[in-house]
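Below you'll find the structure, written out as structure tokens, and then a few comments.
All figures in this text were calculated on a predicted structure; none of them were measured in a lab. Just so we're on the same page: letters track the sequence lines, and every chain starts at 1. Below, all heavy atoms of this structure are taken into account, side chains as well, without hydrogens, waters or symmetry copies.
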Amino acid sequence: MTKGAIVSRAEDFPRWYQEVIAGAEMADNGPARGTMVIRPWGYGIWELMQAELDRRIKEAGAENAYFPLFIPESFLKLEAEHVEGFAPELAVVTHGGGKELEEPLVVRPTSETVINSFFSKWVQSHRDLPLLVNQWANVVRWELRPRLFLRTTEFLWQEGHTAHATEEDARAYALRILDEVYRTTMVDILGVPVLTGHKTARERFAGANRTWTCEGMMGDGKALQMGTSHELGQNFARPFDIAFSNASGGRDYVWQTSWGVSTRLVGALVMGHGDDFGLRLPPALAPAQVVVLIVKDAPEVRSAADALVAELRQAGHRVRLDDRTDTSFGRRSVDWELKGVPVRVEVGPRDLAEGNVTVVTRHRREKENVALGSVGAAVATVLATAGAELLAEATAARDARTVEAGSLAEAVEAGSEGFARVRLGALGPDGEDRLAEHAISVRCLQRPDGSLAQVGDAEDDLVAVVGRSY
RNA sequence: CGGGCUGUGGCGCAGCUUGGUUAGCGCGCUGCGUUCGGGACGCAGAGGUCCCCGGUUCAAAUCCGGGCAGCCCGACCA
């Protein structure tokens with residue numbers, strides 16, 4: 001096997017990332033600054049993620065709906081912290097139909113405000129609660145430093161919005177989404193280990209009382225916020241007047257949550273699993289799980305390949321046939337490797353004469369000679385185990401870069417290379433400012449055993465996981 | 001929005017200091033042939049307002065002025 005077609009991860013991680021995205025034909029920069037064209041391979045990955053998330057969201061009881069892209073500017077201004085948080089990154093439409101608009105329209109940076117204005121209509125009685133709504137949409141935030149998938153001006157995401165009768169119910173739901181939808185999908189499907197915890201006041205969502213987060217570590221040791229679930233309290237219920245008649249005849253404001261994950265997850269997959277040879281996809285998210293390659297065009301090769309494709313499809317795998325024999329075999333192998341296809345089955349006359357084919361496992365880059373009759377089993381084994389192996393590898397890499405720190409100085413040192421775990425109290429009152437001087441932030445707060453903080457926990461005794469981040 | 005850098009075929013770059021025939025190179029692309037078990041080779045081709053505007057000059061990719069765009073590093077973010 002030859003050296004990679006791209007720069008090595010260790011040599012220049014940002015450039016490596018760009019080359020993987022380009023080489024795997026996942027996305028291109030759009031014509032307007034910060035925009036992104038998602039190509040079929042990248043979109044295929046997103047669609048598979050989307051399906052996994054959507055199923056779990058529905059299992060959690062939320063229903064899909066769609067709200068408009070344009071939001072009257074006045075809506076945003078109803079919640080002070082919210083508008084303040086988003087003001088710098090808003091795209092505002094001032095003209096339409098050839099003339100200036102009476103009231104500018106904001107292109108949604110999130111749909112909190114529109115959705116809540118309708119919640120106020122829809123919620124009248126405690127019998128209307130909980131109200132659980134999700135939408136799949138694009139949103140726009142005017143980003144100054146775009147990076148494909150990780151931070152673009154327009155991106156695709158899912159945003160859930162819920163209203164509950166009690167604070168406890170809202171909190172429980174926010175945590176349910178965090179765990180059963182987000183953490184589970186990230187760990188079991190993406191194979192990217194995540195820490196869960198909550199954000200400090202500085203890092204939390206504008207308008208939330210508490211922001212819960214899933215934090216992953218990428219291949220260069222930097223953190224990536226992969227998803228958030230917010231307890232909004234009654235911060236939107238009051239200005240938007242979302243109130244209901246309770247069972248005893250009184251009138252209460254609802255308690256709310258919102259939560260989202262985005263196409264950023266595709267970036268997490270690249271940076272979490274990619275190697276010097278390109279992308280490595282967990283089978284669950286591979287648009288093609290198996291590629292059957294014809295090494296050389298010959299009747300017996302072709303018929304053997306066709307039979308294998310049919311057999312593997314019959315077994316329920318996503319299979320592609322690569323019979324482009326006008327392109328060299330080496331080139332095609334490298335192409336599929338870059339794209340991260342979990343298994344390649346190489347069918348050539350030499351092996352075939354002995355009744356064999358070559359099965360190549362992408363994530364381990366291992367080749368194996370397999371008898372024709374055993375290909376189905378061999379492929380099934382790889383597809384069944386690759387995801388867990390990627391997760392184990394990523395977990396080991398993260399743990400190797402995670403250090404217990406006792407002081408701010410130690411946290412700065414370890415946090416520059418990976419994660420440092422340090423007691424929040426040990427950072428001092430201006431700890432976050434001091435960390436920021438070194439481009440380090442508190443990614444999340446947890447109990448010392450890694451579990452989520454509970455109501456009543458003393459903040460200073462919580463552990464801050466700190467590091468550099470995307 | 002501060003600091004550094006760069007704009008030359010699709011992509012990556014050279015040429016600019018010291019203006020001077022037809023602006024080169026690698027990859028990619030097209031055709032033909034030989035190849036095909038880890039990015040094949042030969043031959044023949046296509047493709048460029050040298051970011052834009054103005055100036056200097058007999059002559060500007062090259063020098064000067066002004067714009068614009070992009071990249072990297074910081075502050076803000078899914």
Residue whose nearest RNA chain B nucleotide is more 5′ - A/Gly348 or A/Tyr470: A/Gly348

Closest to side chain of A/Val295, choosing from B/C76, B/G37, B/G74: B/G37

Touch class at under 4.0 angstrom, heavy-atom based, for A/Leu224 against every strand present: nothing

Sugar-phosphate, base or nothing in reach of A/Gly260, heavy atoms under 4.0 Å: nothing

Any A/Arg331 side-chain N or O less than 4.0 Å from OP1/OP2 of B/G28: yes

Proximal nucleotide (of B/A78, B/C36, B/G38) relative to the A/Glu346 side chain: B/G38

base_contact_polar (B/C77 base, A/Arg151 side chain, donor-acceptor, <3.5 Å): yes

Residue matched to B/C41 through Watson-Crick or wobble contacts both under 3.5 angstrom: B/G33

Span that lies between the P atom of B/C52 and that of B/U8, in whole angstrom: 10 Å

Donor-acceptor contact below 3.5 Å, side chain A/Gln135 vs main chain A/Phe67: yes

Sugar-phosphate, base or nothing in reach of A/Asp297, heavy atoms under 4.0 Å: nothing

Touch class at under 4.0 angstrom, heavy-atom based, for A/Asp351 against every strand present: base

Separation of the P atoms in B/G10 and B/C51, to the nearest angstrom: 13 Å

Touch class at under 4.0 angstrom, heavy-atom based, for A/Pro349 against every strand present: base

Integer angstrom distance from the C1' of B/G38 to that of B/C1: 49 Å

Partner nucleotide of B/G12 by Watson-Crick or wobble geometry (both distances under 3.5 Å): B/C25

Sugar-phosphate, base or nothing in reach of A/Thr152, heavy atoms under 4.0 Å: base

G-U wobble or Watson-Crick pairing nucleotide for B/U57 (cut-off 3.5 Å, both distances): none

Donor-acceptor under 3.5 Å (A/Thr385 side chain, A/Thr381 main chain): yes

A/Arg264 CZ - B/C77 C1' separation (whole Å): 7 Å

Exam field: side chain A/Arg280 to backbone A/His273, donor-acceptor pair closer than 3.5 Å: yes

Nearest-Å distance once atom C1' is located in both B/G24 and B/U62: 15 Å

Distance, nearest 0.5 Å, that separates CD of A/Gln158 from CE of A/Met49: 13.0 Å

Greater than 12 external heavy atoms within 6.0 Å of A/Glu47's CD: yes

Sugar-phosphate, base or nothing in reach of A/Thr358, heavy atoms under 4.0 Å: base

Of the listed nucleotides B/C72, B/G37, B/G38, the one nearest the side chain of A/Gln18: B/C72

B/A40 base / A/Ser328 side chain donor-acceptor hit below 3.5 Å: no

Paired nucleotide for B/C68 [Watson-Crick or G-U wobble; both distances under 3.5 Å]: B/G7

Nearest-Å distance once atom C1' is located in both B/C32 and B/A46: 15 Å

Centroid under 5.5 Å and tilt under 30°, A/Phe155 to B/A78: yes

Sugar-phosphate, base or nothing in reach of A/Ala22, heavy atoms under 4.0 Å: nothing

A/Arg204 side chain to A/Asn209 backbone, donor-acceptor under 3.5 Å: yes

Listed nucleotide nearest any side-chain atom of A/Arg350, set B/G38, B/G37, B/C77: B/G37

Donor-acceptor pair present, A/Lys367 side chain and B/G38 base, under 3.5 Å: yes

Same-atom distance (P) from B/G3 to B/C63, integer angstrom: 24 Å

Under 3.5 Å donor-acceptor pair, A/Arg332 side-chain atoms to B/G37 base atoms: no

Side chain A/Asp322, main chain A/Val292, donor-acceptor under 3.5 Å: no

Pairing partner (Watson-Crick or G-U wobble, both distances under 3.5 angstrom) of B/G74: B/C1

Pairing partner (Watson-Crick or G-U wobble, both distances under 3.5 angstrom) of B/A46: none

